[in-house]
Chemist: 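Please see the structure below; I have some questions.
We count residues from 1, following the sequence as given. When a ligand or atom number is given, it counts from 1 through the structure's own listing order.
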Amino acid sequence: MTESKHSPGRHFLQIPGPSNVPDRILRAMAAPVVDHRGPEFPKLTHRVQEKLAAVFKTSQPVIIYPASGTGGWESALLNTLSPGDKVLAFETGHFATLWKNVAEKLGLEVDFVPGDWRHGIDSKTVRKELDADPNGEIKAVLAVHTETSTGINSGISAIREAIDSVLHPALFMVDAVSSLACSDYRHDEWKVDVTVSASQKGLMLPPGLAFNAVSDKAIETSKKSTAKHSYWRWDEMLTNNARGYFPYTPGTNLLYGLDEALNMLNEEGLDNVIARHARHAQATRIAVDAWGLENLCLNENEYSNSTTAVMMPDGFDADELRLKIFERFNMSLGMGLGKVKGSVFRIGHIGDFNDLMLAGTLSGVEMGLSIAGVPHNKGGVQAALEYLAK
Ligand SMILES: *Cc1c(COP(=O)(O)O)cnc(C)c1O
């Protein structure tokens, strides 16, 4: 065969975010830019905010920034805390480590509980750490709901219970970047003070929007923060948003896309969306088991709905496998990040996704394992198809 410059068909973007953007959303964004200070704009702001709050399951405001998820982390910390404040965080994987790094760069003192990257946060450890802080020096507890680097969820309601069980006053901040609209998430019910999320995972949008869902307690605490910052200020966002505007130019066309994404989630029904993610995650695990490969997640109660991290047999490199699959089948799989680089690959089953897309994805993986000479059993795809057809 001669070298071809064109790959026919659609690229399979099976990384756990950015996820595939549905045509409906692309079309919604392909519209003229409007005056974000004009008389019509507040309708869009209010409509999007109302529908977005329903996805976070909150009656409080959700602040929208033109930023990546990392900006959402930074704004959560800057608005509520002051340099030198102590925070408690847990090494569940790469994203937890990155959020910890942001906190340190902002001058916070992070108590970072080590982890093995194969388990979520143990709520008993949360309780123990907070119990050992009778003077309330810990100002915030940071938890990543879906640790996208490992495909492992931490139990957010159990962490809330642990905080309450010792009557600790710390703020509770949760990264729900890759769990929102994929796993059950309840900002108000779980009394989360700041939920950080972003546009490019379960919300099916391109990267470019970051969110902070807040609580009354978080807003009250923000009034006492001495951290210096400007772009991220909640007070200016909240006063402008109340009138339907933003303190600076919002990502107008991403907001059109968000409006459409929220319509799509409502049409399918949020519970159905979450059940669909759970089903695709289960089918993926069935395939991985049948291949005889190991899931990085060791606790079956902590499986992520968004992504599955698959361990390579000893002596085989995940990035070589991913490259072969990319070149041969035009599919991108998630790489191993940080400590698990090269030893795992991740299958993303997140966002706008259906049974046949999963069937294609798993087929690409199974063929790729053969081509790369990775020892495995045949029949993973078949086992997943039988589950999906039930
Ligand atoms: C994707 C992701 C982020 C955000 O990353 P950005 O690249 O800054 O958008 C944060 N946390 C988790 C768990 C993620 O999956």
Side-chain angles (χ1 to χ4, degrees), residues 13-21 56 63-78 87 89-103 105-106 110 112 115 117 119-121 141-156 159 173-183 185 187 192 194-213 231-232 251 254 257-258 261 277 281 296-297 302-309 332-341 344-351 353:
L13 184 68
Q14 297 318 135
I15 59 176
S19 65
N20 294 287
V21 180
F56 284 87
I63 292 163
I64 307 173
Y65 296 103
S68 93
T70 302
W73 282 339
E74 179 150 343
S75 58
L77 300 171
L78 278 173
V87 303
F90 301 86
E91 187 204 356
T92 48
H94 188 65
F95 288 96
T97 306
L98 291 178
W99 196 6
K100 183 261 308 180
N101 292 346
V102 171
K105 285 175 198 155
L106 298 179
V110 188
F112 198 48
W117 291 47
H119 295 86
I121 300 168
V141 175
L142 314 187
V144 175
H145 186 202
T146 294
E147 176 53 78
T148 324
S149 62
T150 60
I152 297 174
N153 273 18
S154 287
I156 300 304
I159 299 172
M173 301 193 196
V174 177
D175 170 327
V177 177
S178 70
S179 59
L180 194 75
C182 305
S183 289
Y185 190 79
H187 177 87
V192 179
V194 190
T195 300
V196 176
S197 198
S199 52
Q200 75 270 30
K201 312 272 169 92
L203 292 176
M204 309 175 286
L205 291 159
L209 296 178
F211 309 109
N212 276 182
Y231 187 79
W232 305 110
L254 279 165
L258 179 58
H277 279 81
L296 187 62
C297 178
E302 295 178 333
Y303 289 138
S304 150
N305 283 352
S306 310
T307 186
T308 301
S332 296
L333 295 168
M335 67 185 298
L337 294 168
K339 285 185 183 173
V340 293
K341 178 167 167 45
V344 311
F345 65 92
R346 293 170 300 146
I347 302 171
H349 28 76
I350 179 169
F353 201 48

Chemist: Would you call L205 and L258 a side-chain contact if the rule is heavy atoms closer than 4.5 Å?
Modeler: yes

Chemist: What pairs with A176 under side-chain contact (heavy atoms from CB on, under 4.5 Å), at least two apart in sequence or on another chain?
Modeler: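 S179, Y185, T195.
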
Chemist: Would you please name every residue forming a ring pair (Phe, Tyr, Trp, His ring centres under 6.0 Å) with H349, sequence neighbours left out?
Modeler: none

Chemist: Show the nearest heavy-atom pair for residues E147 and H94, with the distance to one decimal.
Modeler: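 Heavy atoms of E147 and H94 come nearest at OE2-N, 3.5 Å.
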
Chemist: Name the orientation class of the two ring planes belonging to Y65 and Y231 (parallel below 30°, tilted from 30 to 60°, perpendicular beyond 60°).
Modeler: parallel

Chemist: Mind listing the N or O contacts between ligand 1 and protein, cut-off under 3.5 Å?
Modeler:
residue	atom	partner	partner atom	Å
ligand 1	8 (O)	S68	OG	2.6
ligand 1	8 (O)	G69	N	3.3
ligand 1	8 (O)	T70	N	2.8
ligand 1	8 (O)	T70	OG1	2.5
ligand 1	9 (O)	G69	N	2.8
ligand 1	9 (O)	Q200	NE2	2.7
ligand 1	11 (N)	D175	OD2	2.6
ligand 1	15 (O)	T148	OG1	2.4
ligand 1	15 (O)	K201	NZ	2.7

Chemist: If you look only at pairs with a residue in residues 196-205, which of them pass as a side chain to side chain donor-acceptor pair (under 3.5 Å), with sequence neighbours excluded?
Modeler: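 Matches after skipping sequence neighbours: none remain.
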
